[in-house]
Amino acid sequence: MAVPVSSDENQIDPLIPADEIAGRVEELAAELSKILPAEVVVLALLKGSFMFAADLVRALRTRGVRCQVEFLKVSSYGNAKESSGRIAVQGDVPGDLRGKAVLLLDDILDTGRTLEWAQRAVKSVGAESVTVCALLDKPSRREVPLEADLVGFKIPDRFVVGYGIDYAQQFRDLPYIGAVRD
Ligand code: IMP
Ligand code: MG
């Protein structure tokens with residue numbers, strides 16, 4: 001039976017179906033399990049990476065990597081489609097990262113500012129190592145020289161939503177990733 005498309009999805013062009021995301025998350029976990037120790041602290045940047053983090057930590061556990069899960073709320077977009085260029089941080093970097101192997105997760109690597117800031121913040125509290133993983137990467141948008149250790153999908157410069165990613169707080173609940181039509 002066909003699943004009805006809800007009316008707000010008329011503005012979305014599907015890009016990455018849910019089963020492709022699930023397959024890629026398993027592959028990322030397999031790759032990460034080769035480079036990470038048996039215990040890591042996952043630091044997931046909110047809100048966009050909550051779904052990715054939820055799936056990835058379960059896939060990591062089945063491959064022998066146990067995750068302590070921490071979150072940090074960081075935003076640069078407000079409700080707009082363009083980054084403000086300024087990073088707003090709510091809360092503190094978790095205090096017990098000294099000597100830990102940290103896996104830093106974000107939904108999208110865009111200009112690179114957010115992950116560059118977060119990587120520096122995690123190092124500054126004495127983490128032993130920081131591995132950076134982003135589900136999506138828009139390489140054409142990079143403004144600071146940050147590369148993730150692993151990315152799920154390289155995508156063109158379009159504004160995307162779904163699988164945790166929002167436009168003005170909408171569409172995080174879509175199970176697939178799609179681009180908002182201009
Ligand atoms: P950066 O600091 O410019 O790399 O921006 C990364 C952040 O911008 C991500 O964590 C996202 O929250 C947000 N972002 C970038 N591109 C998009 C998009 O296409 N849709 C929704 N949020 C985005
Ligand atoms: Mg974000």
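Each residue takes its place number in the sequence, starting with 1. Note that ligands are numbered from 1 as they come in the structure, with each ligand's atoms numbered from 1 the same way.
- Of all atoms in ligand 1, listed by their number and element, those nearer than 4.0 Å to a heavy atom of Val160 are 18 (C), 19 (O), 20 (N), 21 (C).
- For the ligand labelled ligand 1, residue Leu45 lies outside the 4.0 Å heavy-atom shell.
- No side-chain heavy atom of Leu135 sits less than 4.5 Å from a side-chain heavy atom of Leu56.
- Proximity of Asp166 to ligand 1 is established by a heavy-atom distance of less than 4.0 Å.
- Using a 4.0 angstrom heavy-atom cutoff, Arg158 counts as in contact with ligand 1.
- Each of the atoms 16 (N), 17 (C), 18 (C), 19 (O) of ligand 1 lies under 4.0 Å from some heavy atom of Lys138.
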- Going through the distances and angles, do Arg158 and Asp182 end up as a salt bridge (Lys or Arg N to Asp or Glu O under 4.0 Å)? CA-CA 9 Å; Arg158 291 196 65 188; Asp182 292 320; 5.7 Å; no

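- Among Asp107, Ile108, Asp110, Asp157, the residue whose heavy atom lies closest to atom 23 (C) of ligand 1 is Ile108.
- A side-chain contact (heavy atoms from CB on, under 4.5 Å) with Tyr163 is found for one member of Phe171, Tyr176, Phe50, Phe52 and no other, namely Phe52.
- Those atoms of ligand 1 with a heavy atom of Thr111 less than 4.0 angstrom away are 1 (P), 2 (O), 3 (O), 4 (O).
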- Message: One pair to check against salt bridge (Lys or Arg N to Asp or Glu O under 4.0 Å): Glu31 and Arg24. What are the steps and the verdict?
- Response: CA-CA 10 Å; Glu31 289 299 310; Arg24 187 66 186 129; over 6 Å; no

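- Listed by atom number, the atoms of ligand 1 under 4.0 Å from Gly112 heavy atoms are 1 (P), 3 (O), 4 (O).
- Summarising the local packing, CZ of Arg63 is surrounded by more than 12 heavy atoms from other residues, nucleotides or ligands at distances under 6.0 Å.
- Taking a cut-off of under 4.0 Å to the non-hydrogen atoms of Asp106, the atoms of ligand 1 that pass are 9 (C), 10 (O).
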- Task: Could you please spell out the steps behind the side-chain contact (heavy atoms from CB on, under 4.5 Å) verdict for Ile12 and Val161?
- Result: CA-CA 8 Å; Ile12 310 292; Val161 293; 3.6 Å; yes

- Could you walk me through whether Cys67 and Leu103 pass side-chain contact (heavy atoms from CB on, under 4.5 Å), step by step? CA-CA 9 Å; Cys67 302; Leu103 174 59; 5.6 Å; no

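- Between Gly48 and ligand 1 there is no heavy-atom distance shorter than 4.0 Å.
- Any N or O atom pair closer than 3.5 Å counts here, and Phe159 shares no such pair with ligand 1.
- Atom CD of Glu147 sits about 6.5 Å away from atom CG of Leu109, to the nearest 0.5 Å.
- By the 3.5 Å distance cut-off applied to N or O atoms, Leu109 is not counted among the residues near ligand 1.
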